[in-house]
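A short worksheet on the structure shown next.
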Amino acid sequence: GTIRSVHEFENGKYLSCKEYNKSGELEQYFDYATQYRDEPNTYYVTLYNKNKETKFVMRNGEDGWLLYGDPGLGSEDDFK
């Protein structure tokens, strides 16, 4: 079989998840250890499609988990 996902933990804390397609290519990367602008309940997601990376911020709020894309990401300095 093929690996569909790899989950990384450290001392019981969920750090990241990498999800792969049936061909074994990386499709999605969830970074649970990095917050957006130090805001709680945020993390970032990178989607891979045909040699292109697209980054999004996931935020959990009153309306549940929402996905925000560019230009809302700001600079890499916003990820700490």
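All residue numbers in this chain count up from 1 along the given sequence. Since we're looking at a predicted model, the values are computed, not measured.
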*Is Phe30 close to Glu19 at the side-chain level, that is, under 4.5 Å between some pair of heavy atoms?*
yes
*Tyr43 and ring-ring contact (aromatic ring centres under 6.0 Å, His included): which partner among Trp65, Tyr68, Tyr29?*
Trp65
*With side chains defined as the heavy atoms from C-beta onward, is the minimum distance between Arg4 and Lys22 less than 4.5 Å?*
yes
_Interatomic spacing from OH in Tyr32 to OH in Tyr14 - rounded to 0.5 Å_ = 4.5 Å
_Sequence-distant partners of Glu27, side-chain contact (heavy atoms from CB on, under 4.5 Å), two or more places apart_ = Asn21
*salt bridge (charged side-chain N to carboxylate O under 4.0 Å, His left out) with Glu39: which residues, sequence neighbours excluded?*
Arg59
_Asn49 side-chain N/O to Lys52 backbone N/O, donor-acceptor pair under 3.5 Å_ = no
_With a 4.5 Å cut-off on side-chain heavy-atom distances among I, L, V, M, F, W and Y, is there a chain of contacts connecting Val6 to Leu15?_
no
*With rounding to the nearest 0.5 Å, note down the distance linking CG in Leu47 to CG in Leu26.*
9.5 Å
*Any chance the side chains of Glu8 and Ser16 put a donor and an acceptor closer than 3.5 Å?*
yes
_Approximate separation, where rounding is to 0.5 Å, of Ile3 CD1 and Tyr20 OH_ = 7.5 Å
*Could you give the distance from CD (Gln28) to OG1 (Thr54), rounded to the nearest 0.5 Å?*
11.0 Å
